[in-house]
2 protein chains.
Amino acid sequence: MSIEASPPPARRARRSPEAARENILAAAEALLTERGPQALKLTDVAAAAGISHGTVLHHFGSIADVQTALMERMIRQLVAHILAADPPTEDPAAKADFGARALFDAFESRGAARLAAWLELTGETRRLTMVREAVQEIVRGRLAHHGADPAAAEDLILVSVLLAMGVGLFGPTLADLLGKPADAPRRLALDLLRRQIASLPPA
Amino acid sequence: MSIEASPPPARRARRSPEAARENILAAAEALLTERGPQALKLTDVAAAAGISHGTVLHHFGSIADVQTALMERMIRQLVAHILAADPPTEDPAAKADFGARALFDAFESRGAARLAAWLELTGETRRLTMVREAVQEIVRGRLAHHGADPAAAEDLILVSVLLAMGVGLFGPTLADLLGKPADAPRRLALDLLRRQIASLPPA
DNA sequence: GCTACTATCGACAAAAATGTCAATAGAAGC
DNA sequence: GCTTCTATTGACATTTTTGTCGATAGTAGC
(Lines give C-alpha, C1' and ligand atoms only; values in the text may rest on other atoms or scores of the structure.)
Protein backbone atom coordinates (compact mmCIF):
# COMPACT_ATOMS: atom_id res chain seq x y z
CA MET A 1 0.00 0.00 0.00
CA SER A 2 1.10 3.52 -0.62
CA ILE A 3 2.30 5.61 2.27
CA GLU A 4 -0.07 8.43 1.57
CA ALA A 5 -3.71 7.58 1.55
CA SER A 6 -5.04 8.69 -1.78
CA PRO A 7 -7.61 11.40 -1.08
CA PRO A 8 -11.13 10.65 -2.19
CA PRO A 9 -11.16 11.74 -5.80
CA ALA A 10 -13.10 14.96 -5.59
CA ARG A 11 -16.04 14.86 -7.87
CA ARG A 12 -15.43 17.19 -10.72
CA ALA A 13 -18.14 19.77 -11.24
CA ARG A 14 -19.56 20.14 -14.70
CA ARG A 15 -21.48 23.32 -15.38
CA SER A 16 -23.41 24.45 -18.36
CA PRO A 17 -21.40 26.81 -20.54
CA GLU A 18 -23.49 29.73 -19.34
CA ALA A 19 -23.07 28.81 -15.70
CA ALA A 20 -19.38 28.29 -16.19
CA ARG A 21 -18.95 31.73 -17.73
CA GLU A 22 -21.08 33.26 -15.02
CA ASN A 23 -19.00 31.58 -12.32
CA ILE A 24 -15.80 32.87 -13.87
CA LEU A 25 -17.06 36.41 -14.33
CA ALA A 26 -18.42 36.57 -10.80
CA ALA A 27 -15.04 35.52 -9.44
CA ALA A 28 -13.30 38.05 -11.66
CA GLU A 29 -15.64 40.81 -10.52
CA ALA A 30 -14.89 40.05 -6.89
CA LEU A 31 -11.18 40.15 -7.64
CA LEU A 32 -11.54 43.45 -9.44
CA THR A 33 -13.39 45.21 -6.66
CA GLU A 34 -11.28 43.76 -3.87
CA ARG A 35 -7.81 43.85 -5.32
CA GLY A 36 -7.91 46.00 -8.42
CA PRO A 37 -7.55 45.42 -12.14
CA GLN A 38 -3.99 44.17 -11.85
CA ALA A 39 -5.32 41.17 -9.94
CA LEU A 40 -7.16 39.93 -13.02
CA LYS A 41 -4.51 37.38 -13.93
CA LEU A 42 -5.49 34.17 -15.61
CA THR A 43 -4.31 32.00 -12.75
CA ASP A 44 -5.84 34.20 -10.08
CA VAL A 45 -9.22 34.32 -11.75
CA ALA A 46 -9.20 30.56 -12.18
CA ALA A 47 -8.24 30.03 -8.54
CA ALA A 48 -10.95 32.43 -7.37
CA ALA A 49 -13.48 30.57 -9.48
CA GLY A 50 -12.28 27.25 -8.14
CA ILE A 51 -11.33 25.79 -11.51
CA SER A 52 -8.21 25.23 -13.55
CA HIS A 53 -6.95 28.02 -15.74
CA GLY A 54 -7.38 25.84 -18.79
CA THR A 55 -11.11 25.91 -18.23
CA VAL A 56 -11.10 29.70 -18.22
CA LEU A 57 -9.38 29.67 -21.59
CA HIS A 58 -11.81 27.09 -22.89
CA HIS A 59 -14.73 29.40 -22.20
CA PHE A 60 -13.18 32.76 -23.06
CA GLY A 61 -10.21 32.10 -25.31
CA SER A 62 -7.89 34.50 -23.52
CA ILE A 63 -7.60 36.44 -20.35
CA ALA A 64 -8.13 39.65 -22.31
CA ASP A 65 -11.48 38.31 -23.42
CA VAL A 66 -12.37 37.62 -19.81
CA GLN A 67 -11.62 41.21 -19.00
CA THR A 68 -13.69 42.67 -21.81
CA ALA A 69 -16.55 40.33 -20.97
CA LEU A 70 -16.35 41.51 -17.39
CA MET A 71 -16.38 45.15 -18.47
CA GLU A 72 -19.46 44.63 -20.55
CA ARG A 73 -21.21 42.62 -17.89
CA MET A 74 -20.59 45.25 -15.24
CA ILE A 75 -21.63 48.06 -17.54
CA ARG A 76 -24.86 46.22 -18.31
CA GLN A 77 -25.51 45.70 -14.60
CA LEU A 78 -24.80 49.34 -13.87
CA VAL A 79 -27.13 50.62 -16.55
CA ALA A 80 -29.85 48.20 -15.52
CA HIS A 81 -29.44 49.23 -11.92
CA ILE A 82 -29.84 52.90 -12.77
CA LEU A 83 -32.71 52.44 -15.19
CA ALA A 84 -34.58 50.22 -12.73
CA ALA A 85 -34.95 53.11 -10.32
CA ASP A 86 -38.53 54.21 -10.65
CA PRO A 87 -39.43 57.38 -8.83
CA PRO A 88 -42.61 56.96 -6.77
CA THR A 89 -43.64 60.56 -7.18
CA GLU A 90 -44.60 63.03 -9.84
CA ASP A 91 -43.10 66.15 -8.34
CA PRO A 92 -40.16 67.09 -10.60
CA ALA A 93 -37.87 68.15 -7.77
CA ALA A 94 -38.63 65.01 -5.79
CA LYS A 95 -38.05 62.93 -8.89
CA ALA A 96 -34.69 64.57 -9.46
CA ASP A 97 -33.74 63.99 -5.86
CA PHE A 98 -34.79 60.37 -6.13
CA GLY A 99 -32.78 59.98 -9.30
CA ALA A 100 -29.72 61.45 -7.66
CA ARG A 101 -29.96 59.03 -4.77
CA ALA A 102 -30.39 56.13 -7.16
CA LEU A 103 -27.30 57.29 -9.01
CA PHE A 104 -25.28 57.39 -5.82
CA ASP A 105 -26.53 53.96 -4.83
CA ALA A 106 -25.47 52.60 -8.19
CA PHE A 107 -21.95 53.92 -7.93
CA GLU A 108 -21.45 53.13 -4.28
CA SER A 109 -22.66 49.55 -4.43
CA ARG A 110 -20.54 46.83 -5.99
CA GLY A 111 -17.56 47.94 -7.96
CA ALA A 112 -19.28 50.35 -10.32
CA ALA A 113 -17.03 53.27 -9.47
CA ARG A 114 -14.00 51.04 -9.74
CA LEU A 115 -15.27 49.81 -13.05
CA ALA A 116 -15.46 53.37 -14.30
CA ALA A 117 -11.95 54.11 -13.09
CA TRP A 118 -10.70 50.90 -14.66
CA LEU A 119 -12.21 51.81 -18.02
CA GLU A 120 -10.81 55.31 -17.78
CA LEU A 121 -7.30 54.22 -16.89
CA THR A 122 -7.17 51.59 -19.59
CA GLY A 123 -8.70 53.82 -22.25
CA GLU A 124 -11.62 51.45 -22.78
CA THR A 125 -14.19 54.21 -22.59
CA ARG A 126 -15.52 53.34 -26.03
CA ARG A 127 -17.42 50.54 -24.30
CA LEU A 128 -19.69 53.12 -22.74
CA THR A 129 -21.91 53.67 -25.75
CA MET A 130 -24.81 51.89 -24.11
CA VAL A 131 -24.45 54.21 -21.16
CA ARG A 132 -24.92 57.13 -23.48
CA GLU A 133 -28.17 55.68 -24.73
CA ALA A 134 -29.37 55.04 -21.22
CA VAL A 135 -28.66 58.61 -20.22
CA GLN A 136 -30.41 59.91 -23.29
CA GLU A 137 -33.42 57.82 -22.41
CA ILE A 138 -33.50 59.31 -18.96
CA VAL A 139 -33.07 62.84 -20.23
CA ARG A 140 -35.63 62.59 -22.99
CA GLY A 141 -38.14 60.23 -21.47
CA ARG A 142 -38.21 61.33 -17.89
CA LEU A 143 -37.05 64.86 -17.60
CA ALA A 144 -37.75 66.72 -20.81
CA HIS A 145 -41.52 66.68 -20.69
CA HIS A 146 -41.67 67.91 -17.17
CA GLY A 147 -41.21 71.44 -18.30
CA ALA A 148 -37.76 71.98 -16.92
CA ASP A 149 -35.18 73.40 -19.25
CA PRO A 150 -33.70 70.32 -20.98
CA ALA A 151 -30.21 71.81 -21.12
CA ALA A 152 -30.30 72.62 -17.44
CA ALA A 153 -31.51 69.12 -16.69
CA GLU A 154 -28.66 67.65 -18.69
CA ASP A 155 -26.16 69.81 -16.89
CA LEU A 156 -27.61 68.69 -13.61
CA ILE A 157 -27.23 65.07 -14.64
CA LEU A 158 -23.66 65.69 -15.63
CA VAL A 159 -22.59 67.03 -12.27
CA SER A 160 -24.68 64.41 -10.53
CA VAL A 161 -22.85 61.63 -12.32
CA LEU A 162 -19.53 63.31 -11.61
CA LEU A 163 -20.31 63.53 -7.94
CA ALA A 164 -21.71 60.02 -7.74
CA MET A 165 -18.59 58.57 -9.33
CA GLY A 166 -16.34 60.72 -7.18
CA VAL A 167 -18.12 59.67 -4.01
CA GLY A 168 -18.22 56.02 -5.05
CA LEU A 169 -14.53 55.94 -5.91
CA PHE A 170 -12.88 58.37 -3.53
CA GLY A 171 -15.51 58.93 -0.86
CA PRO A 172 -14.31 56.44 1.76
CA THR A 173 -10.65 57.35 1.43
CA LEU A 174 -11.35 61.07 1.43
CA ALA A 175 -13.60 60.89 4.46
CA ASP A 176 -10.96 58.97 6.34
CA LEU A 177 -8.30 61.43 5.23
CA LEU A 178 -10.27 64.37 6.57
CA GLY A 179 -11.42 62.65 9.71
CA LYS A 180 -15.05 62.81 8.66
CA PRO A 181 -17.65 60.09 9.12
CA ALA A 182 -17.78 57.62 6.27
CA ASP A 183 -21.16 58.83 5.06
CA ALA A 184 -20.12 62.46 4.91
CA PRO A 185 -19.14 62.52 1.23
CA ARG A 186 -22.44 61.11 0.09
CA ARG A 187 -24.44 63.33 2.39
CA LEU A 188 -22.63 66.51 1.44
CA ALA A 189 -22.75 65.73 -2.26
CA LEU A 190 -26.46 65.03 -2.14
CA ASP A 191 -27.04 68.24 -0.17
CA LEU A 192 -25.22 70.15 -2.83
CA LEU A 193 -27.32 68.59 -5.55
CA ARG A 194 -30.57 69.20 -3.69
CA ARG A 195 -29.77 72.85 -3.49
CA GLN A 196 -29.08 72.91 -7.20
CA ILE A 197 -32.28 71.03 -7.95
CA ALA A 198 -34.30 73.47 -5.90
CA SER A 199 -32.89 76.36 -7.88
CA LEU A 200 -33.86 74.90 -11.23
CA PRO A 201 -36.28 77.08 -13.17
CA PRO A 202 -39.70 75.58 -12.51
CA ALA A 203 -41.95 74.35 -15.28
CA MET B 1 35.83 43.82 -44.31
CA SER B 2 32.46 42.99 -42.90
CA ILE B 3 29.40 43.33 -45.06
CA GLU B 4 27.58 45.53 -42.65
CA ALA B 5 29.22 48.77 -41.77
CA SER B 6 29.43 48.87 -38.01
CA PRO B 7 27.33 51.81 -36.87
CA PRO B 8 29.19 54.56 -35.11
CA PRO B 9 29.24 53.37 -31.50
CA ALA B 10 26.70 55.65 -29.93
CA ARG B 11 28.20 57.48 -27.05
CA ARG B 12 26.73 56.11 -23.89
CA ALA B 13 25.15 58.67 -21.64
CA ARG B 14 26.20 58.71 -18.03
CA ARG B 15 23.97 60.61 -15.65
CA SER B 16 24.30 61.37 -12.02
CA PRO B 17 22.29 58.95 -9.88
CA GLU B 18 19.76 61.69 -9.17
CA ALA B 19 19.40 62.60 -12.84
CA ALA B 20 19.10 58.93 -13.77
CA ARG B 21 16.31 58.38 -11.28
CA GLU B 22 14.60 61.55 -12.41
CA ASN B 23 14.82 60.46 -16.04
CA ILE B 24 13.30 57.09 -15.22
CA LEU B 25 10.49 58.51 -13.09
CA ALA B 26 9.61 61.10 -15.71
CA ALA B 27 9.33 58.39 -18.32
CA ALA B 28 7.25 56.26 -15.99
CA GLU B 29 4.95 59.18 -15.24
CA ALA B 30 4.37 59.76 -18.93
CA LEU B 31 3.59 56.09 -19.39
CA LEU B 32 1.17 56.14 -16.48
CA THR B 33 -0.83 59.10 -17.69
CA GLU B 34 -0.84 58.03 -21.32
CA ARG B 35 -1.35 54.31 -21.09
CA GLY B 36 -2.38 53.52 -17.56
CA PRO B 37 -0.81 51.70 -14.62
CA GLN B 38 -0.61 48.39 -16.43
CA ALA B 39 1.90 49.98 -18.81
CA LEU B 40 4.42 50.35 -16.00
CA LYS B 41 6.38 47.26 -16.99
CA LEU B 42 10.10 47.15 -16.41
CA THR B 43 10.93 46.88 -20.08
CA ASP B 44 8.46 49.56 -21.13
CA VAL B 45 9.70 52.04 -18.57
CA ALA B 46 13.30 51.41 -19.60
CA ALA B 47 12.44 51.84 -23.26
CA ALA B 48 10.55 55.05 -22.57
CA ALA B 49 13.52 56.34 -20.61
CA GLY B 50 15.88 55.36 -23.41
CA ILE B 51 18.01 53.04 -21.29
CA SER B 52 18.38 49.33 -20.68
CA HIS B 53 16.16 47.69 -18.13
CA GLY B 54 19.18 46.65 -16.14
CA THR B 55 19.88 50.29 -15.44
CA VAL B 56 16.41 50.76 -14.05
CA LEU B 57 17.01 47.91 -11.64
CA HIS B 58 20.38 49.32 -10.72
CA HIS B 59 18.75 52.54 -9.55
CA PHE B 60 15.56 51.21 -8.04
CA GLY B 61 16.10 47.56 -7.24
CA SER B 62 12.77 46.39 -8.61
CA ILE B 63 9.93 47.56 -10.76
CA ALA B 64 7.72 47.70 -7.68
CA ASP B 65 10.11 50.20 -6.16
CA VAL B 66 9.88 52.29 -9.31
CA GLN B 67 6.14 52.36 -8.91
CA THR B 68 6.16 53.37 -5.27
CA ALA B 69 8.77 56.03 -5.98
CA LEU B 70 6.54 57.33 -8.75
CA MET B 71 3.55 57.42 -6.45
CA GLU B 72 5.41 59.40 -3.85
CA ARG B 73 6.89 61.76 -6.39
CA MET B 74 3.52 62.50 -7.95
CA ILE B 75 1.88 62.95 -4.56
CA ARG B 76 4.60 65.41 -3.59
CA GLN B 77 4.13 67.31 -6.84
CA LEU B 78 0.39 67.41 -6.37
CA VAL B 79 0.59 68.70 -2.83
CA ALA B 80 3.19 71.29 -3.79
CA HIS B 81 1.04 72.37 -6.71
CA ILE B 82 -1.96 72.91 -4.50
CA LEU B 83 -0.11 74.59 -1.65
CA ALA B 84 1.65 76.93 -4.05
CA ALA B 85 -1.64 78.52 -5.03
CA ASP B 86 -1.66 81.85 -3.27
CA PRO B 87 -4.90 83.77 -3.45
CA PRO B 88 -4.33 87.41 -4.44
CA THR B 89 -7.27 88.67 -2.44
CA GLU B 90 -8.52 88.87 1.08
CA ASP B 91 -12.21 88.46 0.45
CA PRO B 92 -13.14 85.05 1.88
CA ALA B 93 -15.53 84.12 -0.92
CA ALA B 94 -13.03 85.15 -3.58
CA LYS B 95 -10.34 83.20 -1.78
CA ALA B 96 -12.51 80.12 -1.70
CA ASP B 97 -13.29 80.50 -5.37
CA PHE B 98 -9.63 80.89 -6.13
CA GLY B 99 -8.82 77.82 -4.10
CA ALA B 100 -11.42 75.80 -5.93
CA ARG B 101 -9.99 76.79 -9.29
CA ALA B 102 -6.49 75.91 -8.12
CA LEU B 103 -7.79 72.55 -6.99
CA PHE B 104 -9.34 71.89 -10.37
CA ASP B 105 -6.16 72.96 -12.11
CA ALA B 106 -4.15 70.56 -9.98
CA PHE B 107 -6.34 67.59 -10.80
CA GLU B 108 -6.82 68.38 -14.44
CA SER B 109 -3.18 68.96 -15.26
CA ARG B 110 -0.74 66.11 -15.50
CA GLY B 111 -1.91 62.79 -14.28
CA ALA B 112 -2.99 63.81 -10.80
CA ALA B 113 -6.50 62.41 -11.16
CA ARG B 114 -5.11 59.25 -12.66
CA LEU B 115 -2.66 59.02 -9.82
CA ALA B 116 -5.53 59.20 -7.35
CA ALA B 117 -7.43 56.51 -9.20
CA TRP B 118 -4.33 54.38 -9.37
CA LEU B 119 -3.79 54.64 -5.63
CA GLU B 120 -7.42 53.88 -4.97
CA LEU B 121 -7.57 50.84 -7.23
CA THR B 122 -4.37 49.38 -5.86
CA GLY B 123 -5.23 50.09 -2.24
CA GLU B 124 -2.16 52.27 -1.76
CA THR B 125 -4.11 55.06 -0.13
CA ARG B 126 -1.95 54.88 2.97
CA ARG B 127 0.59 56.91 1.02
CA LEU B 128 -1.70 59.90 1.27
CA THR B 129 -0.76 60.89 4.80
CA MET B 130 1.12 63.91 3.59
CA VAL B 131 -1.99 65.00 1.74
CA ARG B 132 -3.89 64.93 5.00
CA GLU B 133 -1.37 67.26 6.56
CA ALA B 134 -1.51 69.61 3.60
CA VAL B 135 -5.29 69.78 3.79
CA GLN B 136 -5.15 70.42 7.51
CA GLU B 137 -2.73 73.24 6.90
CA ILE B 138 -5.10 74.79 4.42
CA VAL B 139 -8.09 74.39 6.68
CA ARG B 140 -6.42 75.68 9.81
CA GLY B 141 -4.08 78.26 8.38
CA ARG B 142 -6.11 79.79 5.65
CA LEU B 143 -9.77 79.29 6.32
CA ALA B 144 -10.34 79.02 10.02
CA HIS B 145 -9.37 82.51 11.03
CA HIS B 146 -11.51 84.10 8.41
CA GLY B 147 -14.54 83.76 10.55
CA ALA B 148 -16.31 81.16 8.50
CA ASP B 149 -17.57 78.10 10.29
CA PRO B 150 -14.60 75.69 10.24
CA ALA B 151 -16.78 72.61 9.86
CA ALA B 152 -18.63 74.19 6.96
CA ALA B 153 -15.32 75.11 5.37
CA GLU B 154 -14.08 71.56 5.74
CA ASP B 155 -17.24 70.22 4.19
CA LEU B 156 -16.81 72.61 1.34
CA ILE B 157 -13.28 71.42 0.80
CA LEU B 158 -14.44 67.83 0.82
CA VAL B 159 -16.96 68.29 -1.97
CA SER B 160 -14.53 70.49 -3.84
CA VAL B 161 -11.89 67.79 -3.83
CA LEU B 162 -14.47 65.21 -4.83
CA LEU B 163 -15.59 67.32 -7.75
CA ALA B 164 -12.07 68.22 -8.79
CA MET B 165 -11.03 64.59 -8.88
CA GLY B 166 -14.21 63.59 -10.64
CA VAL B 167 -13.76 66.26 -13.28
CA GLY B 168 -10.08 65.47 -13.70
CA LEU B 169 -10.64 61.77 -14.08
CA PHE B 170 -14.01 61.43 -15.76
CA GLY B 171 -14.68 64.90 -17.12
CA PRO B 172 -13.48 64.45 -20.70
CA THR B 173 -15.13 61.07 -21.17
CA LEU B 174 -18.37 62.18 -19.59
CA ALA B 175 -18.56 65.35 -21.64
CA ASP B 176 -18.01 63.36 -24.79
CA LEU B 177 -20.62 60.82 -23.71
CA LEU B 178 -23.24 63.51 -23.21
CA GLY B 179 -22.30 65.51 -26.27
CA LYS B 180 -21.23 68.49 -24.21
CA PRO B 181 -18.20 70.69 -24.82
CA ALA B 182 -15.05 69.47 -23.19
CA ASP B 183 -14.94 72.28 -20.67
CA ALA B 184 -18.51 71.73 -19.53
CA PRO B 185 -17.70 69.49 -16.55
CA ARG B 186 -15.23 71.92 -15.08
CA ARG B 187 -17.48 74.91 -15.67
CA LEU B 188 -20.57 73.28 -14.21
CA ALA B 189 -18.71 71.94 -11.21
CA LEU B 190 -17.19 75.31 -10.47
CA ASP B 191 -20.57 77.00 -10.85
CA LEU B 192 -22.00 74.58 -8.35
CA LEU B 193 -19.22 75.31 -5.89
CA ARG B 194 -19.54 79.06 -6.34
CA ARG B 195 -23.15 78.87 -5.41
CA GLN B 196 -22.28 76.88 -2.33
CA ILE B 197 -19.52 79.31 -1.40
CA ALA B 198 -21.88 82.24 -1.70
CA SER B 199 -24.31 80.58 0.67
CA LEU B 200 -21.71 80.05 3.37
CA PRO B 201 -22.53 81.84 6.61
CA PRO B 202 -20.51 85.08 6.49
CA ALA B 203 -18.00 85.98 9.16
C1' DG C 1 47.93 60.40 -18.56
C1' DC C 2 46.45 57.11 -14.85
C1' DT C 3 43.33 55.27 -11.33
C1' DA C 4 39.12 54.60 -8.90
C1' DC C 5 34.48 54.61 -9.04
C1' DT C 6 30.20 53.33 -10.88
C1' DA C 7 26.47 54.16 -14.36
C1' DT C 8 25.43 51.54 -18.20
C1' DC C 9 24.85 47.69 -21.03
C1' DG C 10 24.00 42.98 -22.85
C1' DA C 11 23.80 38.30 -22.28
C1' DC C 12 21.93 35.12 -19.41
C1' DA C 13 18.74 33.08 -15.89
C1' DA C 14 14.65 32.77 -13.24
C1' DA C 15 10.03 33.48 -12.51
C1' DA C 16 5.48 34.52 -13.82
C1' DA C 17 1.84 34.61 -16.94
C1' DT C 18 -0.41 32.88 -20.84
C1' DG C 19 -1.67 29.49 -23.98
C1' DT C 20 -1.86 24.34 -26.20
C1' DC C 21 -3.29 19.77 -26.11
C1' DA C 22 -4.47 15.07 -25.23
C1' DA C 23 -6.87 12.50 -21.82
C1' DT C 24 -10.57 12.23 -18.49
C1' DA C 25 -15.10 12.41 -16.65
C1' DG C 26 -19.94 14.18 -16.05
C1' DA C 27 -24.37 14.26 -18.28
C1' DA C 28 -27.76 13.62 -21.66
C1' DG C 29 -29.87 10.81 -25.25
C1' DC C 30 -30.51 6.45 -26.91
C1' DG D 1 -26.01 -0.23 -20.36
C1' DC D 2 -23.84 2.23 -24.30
C1' DT D 3 -22.62 6.18 -27.06
C1' DT D 4 -21.87 10.94 -27.84
C1' DC D 5 -20.73 15.31 -26.53
C1' DT D 6 -17.92 18.46 -24.22
C1' DA D 7 -16.63 20.70 -19.73
C1' DT D 8 -12.72 19.90 -17.15
C1' DT D 9 -8.17 18.85 -16.02
C1' DG D 10 -3.05 18.53 -15.73
C1' DA D 11 1.06 18.29 -18.07
C1' DC D 12 3.60 20.70 -21.29
C1' DA D 13 5.11 24.71 -24.23
C1' DT D 14 5.53 29.50 -25.26
C1' DT D 15 5.77 34.17 -24.23
C1' DT D 16 6.34 37.86 -21.18
C1' DT D 17 8.27 39.96 -17.34
C1' DT D 18 11.53 40.38 -13.96
C1' DG D 19 15.95 39.90 -12.04
C1' DT D 20 21.38 38.62 -11.99
C1' DC D 21 26.00 39.34 -13.29
C1' DG D 22 30.26 40.26 -15.49
C1' DA D 23 32.16 43.47 -18.83
C1' DT D 24 32.34 48.06 -20.61
C1' DA D 25 32.74 52.95 -20.65
C1' DG D 26 32.10 57.78 -18.85
C1' DT D 27 33.81 60.90 -15.33
C1' DA D 28 36.08 62.83 -11.54
C1' DG D 29 40.23 63.19 -8.94
C1' DC D 30 44.88 62.79 -8.98
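Bear in mind the structure is a predicted one, so any value in this text is a computation, not a measurement. As a basis for the values below, the full set of heavy atoms in this structure was taken, side chains included, without hydrogen atoms, waters or symmetry mates.
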So, with a heavy-atom separation below 4.0 Å from DNA chain D, the residues of residues 15-30 of chain B are none
Distance from B:Ser62 atom OG to B:Gln67 atom CD, nearest 0.5 Å?
8.0 Å
Any heavy-atom pair between the side chains of A:Phe107 and A:Leu169 that's under 4.5 Å?
no
For residues 96-105 of chain A, please give each side-chain donor-acceptor pair under 3.5 Å, one per line with the distance, not counting sequence neighbours.
from	atom 1	to	atom 2	distance (Å)
A:Asp97	OD1	A:Arg194	NE	2.7
A:Asp97	OD2	A:Arg101	NH1	2.7
A:Asp105	OD1	A:Arg186	NH1	3.0
A:Asp105	OD1	A:Arg186	NH2	3.1

Could you check whether any side-chain heavy atom of B:Met71 comes within less than 4.5 Å of a side-chain heavy atom of B:Thr122, counting everything from C-beta outward?
yes
Rounded to whole angstroms, how far apart are CZ on B:Arg14 and P on D:dG26?
10 Å
Identify every side-chain donor-acceptor pair in residues 23-35 of chain B under 3.5 Å, counting partners at least two apart or on other chains, and give the distances.
from	atom 1	to	atom 2	distance (Å)
B:Asn23	ND2	B:Ala49	O	3.2
B:Glu29	OE1	B:Arg73	NH2	3.0
B:Thr33	OG1	B:Glu29	O	3.4
B:Thr33	OG1	B:Ala30	O	3.2

Restricting to pairs with a member in residues 54-72 of chain B, which pass salt bridge (charged side-chain N to carboxylate O under 4.0 Å, His left out), not counting sequence neighbours?
B:Glu72-B:Arg127
Set of side chain to side chain donor-acceptor pair (under 3.5 Å) partners for A:Arg15, sequence neighbours left out
none
Please determine whether a side-chain nitrogen or oxygen atom of A:Arg11 lies at a distance below 4.0 Å from atom OP1 or OP2 of D:dA7.
no
Treat primed atoms plus P, OP1 and OP2 as sugar-phosphate and everything else as base, then score nucleotides 9-18 of chain D 5' to 3': B for base contact with protein heavy atoms under 4.0 Å, S for sugar-phosphate contact only, - for none.
B-------SB
Give, for atom CZ of A:Phe60 and atom OG1 of A:Thr68, the distance between the pair rounded to the nearest 0.5 Å.
8.5 Å
